[in-house]
Amino acid sequence: MIAGIDIGSRSVELVVTDGEKIIRQAKAATTFDPLSQVKKLLGELRPERIVGTGYGRNLLADADLGTEVTTITEIKAYALGTHRLFPAARTVLDIGGQDTKAISLTNTGKVARFEMNDRCAAGTGKFLEHVASVFQIPVETFGDYALEGDEVLSINSMCTVFAETEATSLMAQGQRPQNIALGLHASVVRRTANMLRRVGLEFPLVFAGGVARNRCVIRLMQDALSGEPLIPEEPDMVGAYGAALHGSRL
Amino acid sequence: MAASPHREMWEKLNLDIEAHDGLLEVLGKFYGDIYLSQEGRLGGMEYLDFVLSEVHGLRIREIQDARAAGKKVIGSFCVFVPEELTLAANAIQVGLCAGADAGKEEAEKLVPRNTCALIKSFIGFKLARICPYTESCDLIIGETTCDGKKKAYEAFGELVPMHVMEVPQQKNACDRTLWKSEILRYKDRLEALTGNTITAENLKKGIRIINDRRRALQRLNALRAAVPAPISGRDVLLINQVSFYDDPIRFTESIGKLCDQLEERIQKKEGIVPESTPRLMLSGCPMAVPNWKLPYIVEGSGAVVVGEESCIGTRNTRDLVDESGQTVEEMIDAICDRYMKIDCACFTPNTERLENIADMAKELKADGVIHYALMFCQPYAHEAFKVEKALREADIPMLSIETDYSMEDAEQLKTRVEAFVEMVS
């Protein structure tokens, strides 16, 4: 029994495998005490090995979890998870809470190149969460709300705070809020598409991470890339799954 | 913190004692975490630990003693300033503080916020009065290697005595002519400042001393091709950094001894890291003391740095000045030719740098290259694209990093670097 644990900035995911089979998947908010969340997720389970990934991976390595802990980066974890779920995949996009990563894979599923946003939150889940809160709409339904738009307004700022300023100006001009929301989604997609092109986008492309649940981002991405991204059933579990896969190879 | 025996000297130099104490404290802690915690370091490193612990103390005292005896002190920020001439004029040349966030808010009153950390830092160190080197200079030499520095020297020149050398941006015959006239202009300025004439005899000696220092560093760099790596990249970066501060003859001797120890270690197949450790090379912007952030992150991520393609690295040591010249004229020509080989990103085109990086990576058996650019450093940020393309063609993976002296992006940098290490392992 191997556990993969992905401690991201917004959520903690756990995937437990036994041989080839996934025997448990669970998710919790990260909070300011991620280790307690991990312990809650693990409950009575005592895996023979834990592989940590994500922003908080080193917390696991330093914690006393009563079992051997190794860590890998989320870039490797997403590559491993994606390759197992979609063996033909050549590119992975992971938009998480805090980071966006574009990873190009070799035909054997190894990382060939990757790009990651720097210290700023533009184009990440955090950005969508922030603007959704300005619209007073839950982030889970913000994409559906944006899909009610009929005109993609242009939002050019690459900074979360300035994008909000731009959105406010558009509101002051009397634009439909749905169209503004659509414009904000389009700005995320534009930024992401550029990152994908920089790593040398090739299809099949797998879109993973929490933002892959946003239907508006998916729709706009299809248009921007002239291709259909593949979405895993549980897009935010791919990293934890990849970590568990790594553990089974050790 | 106990009162330093150097306090009186610092007061005479008009340093802000309290701020300077704070700087030394941070520097000492950094140094402990990054350097002294390393396992299996060579005995020869004690010399560097000592030099660094006294970088603002005994070395400054030596410089002050030399000044009292009539010597002049020249400060510089760039490997284009020909130290051979400085020594020939019986002056001392030192690199100036520019590797930490210091006096940033004050500096932003004189230069735009979107200026690279290195420029803001040298201005900040001056405004905050915490660099004893800057305060010891009789003349500071600027150079036109980028627009940021070029314009910053206009503001800096109001605070310190300055001389700016115009570095050409192409490598045609007319550019060499310009550079030679700049070297002669520097020679005149030095002679006027020191009252000493640069003769064939003292210039020959100056060339020999600086070439010897380069040869010692070349030897050190060549030894790093050994597997397992005999010395950490952090330590070699420090050696390169110290080469800008310490007395050149003493430095060359100490590095020679260190290299002897490294050779013994290599013979015994001993390394600072296990043989399987991924080997990475750093390439790009210079890292002035105490800018140790990236090498520390790289070597904390399970890799070892085996080379620095940088001005504080091989760009400063790769080429020697031809020593066959007999007259001042011949020697000036030889100096001119040597400096025109520098592959700084300020040149256009600058294709030789691409070849040099790929060759160096192969010689050092590097598994990958990390390209380091300071944020807002246009020349290196531009060349990152070309370097990546050239390295891809040579089948060498590259990671491009843009950062500054702050620690706010440390976690994201770690993720990138670790992922790169995983990728090349």
Side-chain angles (χ1 to χ4, degrees), chain A residues 6-9 34 51-59 61-62 70-80 92 94 96-106 108-122 124 126 159 195 197-200 239 242-243 245-246 249-250, chain B residues 101 113-114 117 278 280 293-294 296-298 300-303 367-377 381-382 384-425:
Chain A
D6 183 354
I7 305 188
S9 66
V51 178
T53 187
Y55 195 64
R57 60 188 178 282
N58 292 320
L59 279 178
D62 300 337
T70 43
T71 61
I72 57 173
T73 66
E74 48 271 44
I75 290 158
K76 183 167 184 174
Y78 270 87
L80 287 171
V92 189
D94 158 34
Q98 181 169 270
D99 293 321
T100 300
K101 286 147 201 127
I103 309 162
S104 110
L105 300 178
T106 66
T108 57
K110 290 210 161 63
V111 176
R113 291 176 74 183
F114 66 91
E115 286 258 347
M116 185 177 149
N117 64 314
D118 36 41
R119 51 189 99 181
C120 145
T124 67
K126 188 81 216 163
C159 167
M195 200 185 269
R197 290 190 193 103
R198 280 203 299 274
V199 297
L245 291 173
H246 177 75
R249 290 177 185 181
L250 290 175
Chain B
D101 274 339
R113 208 160 50 87
N114 290 0
L280 298 180
K293 175 165 89 168
L294 187 60
Y296 183 48
I297 288 176
V298 172
S301 300
D367 298 302
V369 172
I370 297 185
H371 194 274
Y372 168 84
L374 280 170
M375 234 182 279
F376 310 119
C377 175
H382 272 275
F385 292 91
K386 292 176 197 241
V387 173
E388 185 173 16
K389 186 164 171 277
L391 288 177
R392 204 178 319 136
E393 280 160 13
D395 216 14
I396 301 166
M398 186 190 105
L399 173 71
S400 180
I401 296 256
E402 247 186 294
T403 184
D404 56 20
Y405 298 164
S406 75
M407 291 309 281
E408 65 191 41
D409 63 344
E411 288 302 321
Q412 271 143 329
L413 275 185
K414 263 187 220 163
T415 298
R416 273 179 216 215
V417 169
E418 279 179 32
F420 188 62
V421 173
E422 289 169 348
M423 192 178 126
V424 302
S425 297

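In what follows, chains carry the letters A, B, and so on, assigned in the order in which the sequence lines appear, proteins first and then strands, with residues in each chain numbered from 1. Atom set for the values below is all heavy atoms of this structure, side chains included, hydrogens, waters and symmetry mates excluded.
Neither the backbone nor the side chain of B:Ile401 comes within contact range of chain A; no heavy atom of the residue lies under 4.5 Å from a heavy atom of that chain. Neither the backbone nor the side chain of A:Ile103 comes within less than 4.5 Å of any heavy atom in chain B. Contact annotation for A:Ala112: only backbone heavy atoms (N, CA, C, O) come within less than 4.5 Å of a heavy atom of chain B. Heavy atoms of B:Ser301 lying under 4.5 Å from chain A are absent altogether. Heavy atoms of B:Ser400 lying under 4.5 Å from chain A are absent altogether.
Heavy-atom pairs under 4.5 Å with chain B peak, among A:Lys76, A:Glu74, A:Arg113, at A:Arg113. In terms of non-hydrogen atom pairs under 4.5 Å with chain A, the most contact-rich of B:Glu411, B:Met398, B:Glu408 is B:Glu408.
Shown here for B:Glu418 and A:Asn58, the closest heavy-atom pair between the two residues is OE2-ND2, 4.5 Å. Residues A:Asp99 and B:Gln412 approach most closely at OD1-NE2, 3.3 Å, considering heavy atoms. A:Asn117 and B:Arg416 make their closest contact through O-NH2, 3.0 Å (heavy atoms, listed as atom of the first residue, atom of the second, distance).
For A:Arg198, the salt bridge (Lys or Arg N to Asp or Glu O under 4.0 Å) partners two or more places apart in sequence, or in a different chain, are A:Glu115.
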Inset, instruction - Show your reasoning for whether salt bridge (charged side-chain N to carboxylate O under 4.0 Å, His left out) applies to A:Lys110 and B:Glu422. - result: CA-CA 10 Å; A:Lys110 290 210 161 63; B:Glu422 289 169 348; over 6 Å; no

Inset, instruction - Begin with the C-alpha distance, continue with both residues' side-chain angles, and end with the deciding distance and a verdict on side chain to side chain contact (heavy atoms under 4.5 Å, CB included) for B:Leu399 and A:Phe114. - result: CA-CA 8 Å; B:Leu399 173 71; A:Phe114 66 91; 3.7 Å; yes

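Within the model, atoms NZ of A:Lys101 and OG1 of B:Thr415 stand 7.0 Å from one another, a figure rounded to the nearest 0.5 Å.
Heavy-atom contacts from other residues, nucleotides or ligands closer than 6.0 Å to CG of B:Asp395 number 12 or fewer.
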